[in-house]
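The block underneath contains the structure these notes are about, expressed in structure tokens.
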2 protein chains.
Amino acid sequence: MLRSLSHKPSPSSLFNFTSLRSRILNTHTHAFSSAVSPPSKAIIYESHGQPDAVTKLVDIPATEVKENDLCVKMLAAPINPSDINRIQGVYPVRPEPPAVGGYEGVGEVHSVGSAVTCFSPGDWVIPSPPSFGTWQTYIVKDQNVWHKVNKGVPMEYAATITVNPLTALLMLEDCVTLNSGDAIVQNGATSMVGQCVIQLAKSRGIHNINIIRDRPGVGEVKERLKDLGADEVFTESELEVKNVKSLLGGIPEPALGFNCVGGNSASLVLKFLRRGGTMVTYGGMSKKPVTVSTSSFIFKELSLRGFWLQNWLSTDKAEEGRRMIDRLLGLVQDGKLKYKMELTPFNDFNTALDKALGKLGSQPKQVIKF
Amino acid sequence: MLRSLSHKPSPSSLFNFTSLRSRILNTHTHAFSSAVSPPSKAIIYESHGQPDAVTKLVDIPATEVKENDLCVKMLAAPINPSDINRIQGVYPVRPEPPAVGGYEGVGEVHSVGSAVTCFSPGDWVIPSPPSFGTWQTYIVKDQNVWHKVNKGVPMEYAATITVNPLTALLMLEDCVTLNSGDAIVQNGATSMVGQCVIQLAKSRGIHNINIIRDRPGVGEVKERLKDLGADEVFTESELEVKNVKSLLGGIPEPALGFNCVGGNSASLVLKFLRRGGTMVTYGGMSKKPVTVSTSSFIFKELSLRGFWLQNWLSTDKAEEGRRMIDRLLGLVQDGKLKYKMELTPFNDFNTALDKALGKLGSQPKQVIKF
């Protein structure tokens, strides 16, 4: 385990498991060719389980850079909830262990294969669609999986744009046709998706009502979300009223709701929705199911569905996804999209993981800096 | 109360409440005109409450038949669950009491107003869209609310076609595009809608999987549903297995599910659905909500919505509704649509009501014969 190794892996931790054996064998065959990567360090897991128990740091030897490959020196990669679920083995689409952790990130092109013309060393690239194994210092993959991004964007934004901000943008644009002056409601509003929803809605003139957990320092959290563009922010306990809609003031009843919590928090989203409204579930942080009354379906005509980025991307929309990522990065550069993150050095991966696992209370999104 | 009156109303039970006062006043004014209805007997409720406590039989005097009115001698009218909910005051669209019970039925034209040309005495008519107050022996209403039906149809079918069979037809045709060879799943399969769904699906080559409550005589119930065209019938306890889909045999995973029960029975419908499937809720007989896991929304991509006939009809589809009713009555005449009913004389209304309220165990749909 990384934690016992003090980040000084012994030879026995050399990464040599079946699914990655070919890489190592290739390395041995081509070790003296000029087209090889530098050796890499990676966070891997050999079996599914609790991430702080099963992840470890390993050395991966130099590997061949084939003619269409890029060798990318990773700069930054986040720890997302779905990364944790993949390691736990509870995410429906996941690599078989042993596997390198991580699913998105940004890197700088270190070297290119002999047939590569569209990328040069020094370019910043992200895997798009996102793909497995970003928690390592050097990645060698075909040029098709990489998307060049503007180096003017802070690296932590480039590293995190393909999962959560894209989810927020797609949910706002793909689920229900919204016009300026309409309203949406969401729970989990402090999540990265939640923060993006607020700003993306605001930029389109869409009112947004936000539900957060009761917590210490709630006043400060509300102010921060309002600074981003939140119209209203309520804690769950503030919504223990007979008619939540009486709290709407001049905001119209929302046509669309986003749920990433489940349980009572999802019920509160449903209570705010107007007749005929839609609630989209994209997470279940409380681990509680969504409960809906019969009359909500029949008389209030509510519809419930889900959103899963991985499914959206699998439907032949990789190019559209890249265009949307460029839009989002443009908003970041223009100062119109920001969210809380904490950059943590790769050497402190264990601390970042503990924070991502919630062991140290509410924390900003953890982004590993390589 | 009817039950204390032994169906011999005293003068004090004369129906004389505000919302119907004008009818009575009109009657007094025009009592000697030739264009008046015969006196009527009606089941009314003066306040919301339990139907067996608040309904009573009253006499309603003769009333004027205006130039565009039909005076209809009612032949038969059912007691539907929504009739009970209206009397209880829990149905969102309901007349204010005092009101006559009932919402659909069939009658014979007794007389027509002077400007009526499309209807003649002796015609069979149904209120279409269905409307309030069918539990009475004579109804006077504008010709526009009536739809002429073929007298070759048994009266109990004409009396019951506009609510439950139309719901079944619309849910099968409006919610998801189904092709021959596809499959659906439903709970509450012995309900009138359930029986219609089986036969309408069968006629389109759509496989149907049916879930019923555990009950005495379940073998006979299964046989009856299979005779109607059910491919599979399972009790809830038979579905306490790890993977309900292992019970599908050669039937494809259903794309569409219908739920009129809620609780565990709704969860069973969800378990059968294929990835991307839709569950439509149109009732909640168990009075338990629908509970859905987060992963059902995100990874299984299920959608949940409701269906309410009253809402469908309110969207300017009255004419389309009448065409569909004619189609359904055609299927009845061809022997392709049947369902269990019990005709009960108006004098025995209390017994029929007790049966409809479930006080006498599982009973067929109760239809009052006037």
Side-chain angles (χ1 to χ4, degrees), chain A residues 81-82 85-86 90-94 167 171 175-176 187-188 193 257-267 269-270 273 275-312 314-315, chain B residues 81-82 85-86 90-94 167 171 175-176 187-188 193 257-267 269-270 273 275-312 314-315:
Chain A
S82 51
N85 295 150
R86 280 188 197 90
V90 299
Y91 208 72
V93 177
R94 56 179 190 255
T167 293
M171 289 200 307
C175 298
V176 166
N187 61 24
V193 171
F258 299 131
N259 164 47
C260 66
V261 182
N264 176 58
S265 185
S267 300
V269 169
L270 292 171
L273 286 180
R275 191 175 158 181
T278 298
M279 183 172 84
V280 178
T281 290
Y282 69 97
M285 291 196 290
S286 73
K287 301 197 192 305
K288 290 179 186 153
V290 173
T291 302
V292 197
S293 71
T294 300
S295 64
S296 293
F297 285 121
I298 302 180
F299 305 132
K300 208 178 158 190
E301 298 174 70
L302 299 186
S303 295
L304 280 73
R305 46 165 288 192
F307 180 82
W308 188 24
L309 180 66
Q310 194 146 344
N311 181 61
W312 186 88
S314 72
T315 55
Chain B
S82 51
N85 294 150
R86 281 188 196 89
V90 298
Y91 208 72
V93 177
R94 55 180 190 256
T167 293
M171 289 201 307
C175 297
V176 166
N187 60 25
V193 171
F258 299 130
N259 164 46
C260 66
V261 181
N264 175 59
S265 186
S267 300
V269 170
L270 291 172
L273 286 180
R275 191 174 159 182
T278 298
M279 183 172 85
V280 178
T281 290
Y282 68 97
M285 290 195 292
S286 74
K287 300 196 194 305
K288 290 179 186 153
V290 173
T291 302
V292 197
S293 70
T294 299
S295 63
S296 294
F297 286 122
I298 302 180
F299 305 131
K300 208 177 157 190
E301 298 174 71
L302 299 186
S303 295
L304 281 73
R305 46 167 288 193
F307 180 84
W308 188 23
L309 180 67
Q310 195 145 343
N311 181 61
W312 187 89
S314 72
T315 54

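Just so it is clear, the model here is predicted, and its values are computed rather than measured. The sequence lines fix the lettering, A, B, ..., with proteins before strands; numbering per chain opens at 1.
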Side chain from CB out, backbone as N, CA, C, O: work out which of these in [X] comes under 4.5 Å of a heavy atom of chain B, or both, or neither.
| X | value |
| --- | --- |
| A:Thr281 | both |
| A:Lys288 | backbone |
| A:Leu302 | backbone |

Heavy-atom side-chain contact between A:Thr291 and B:Val290 under 4.5 Å: no
Can you tell me which of A:Gly262, A:Gly283, A:Ala266 forms the most heavy-atom pairs within a distance under 4.5 Å of chain B?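 Top count of heavy-atom pairs under 4.5 Å with chain B: A:Gly283.
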Would you mind telling me which of A:Ser296, A:Pro92, A:Ser295 has the largest number of heavy-atom pairs within less than 4.5 Å of chain B? A:Pro92
Smallest heavy-atom separation, A:Cys260 atom then A:Gly188 atom, equals SG-CA, 3.7 Å
For B:Val93 against B:Arg86, the heavy-atom pair lying closest together: O-NE, 3.6 Å
Residues forming a side chain to side chain contact (heavy atoms under 4.5 Å, CB included) with B:Glu301, sequence neighbours excluded: A:Asn311, B:Arg275
With sequence neighbours left out, write down each residue that passes side chain to side chain contact (heavy atoms under 4.5 Å, CB included) with B:Thr167, or none if nothing qualifies. B:Met171, B:Val193, B:Tyr282, B:Phe307, B:Leu309
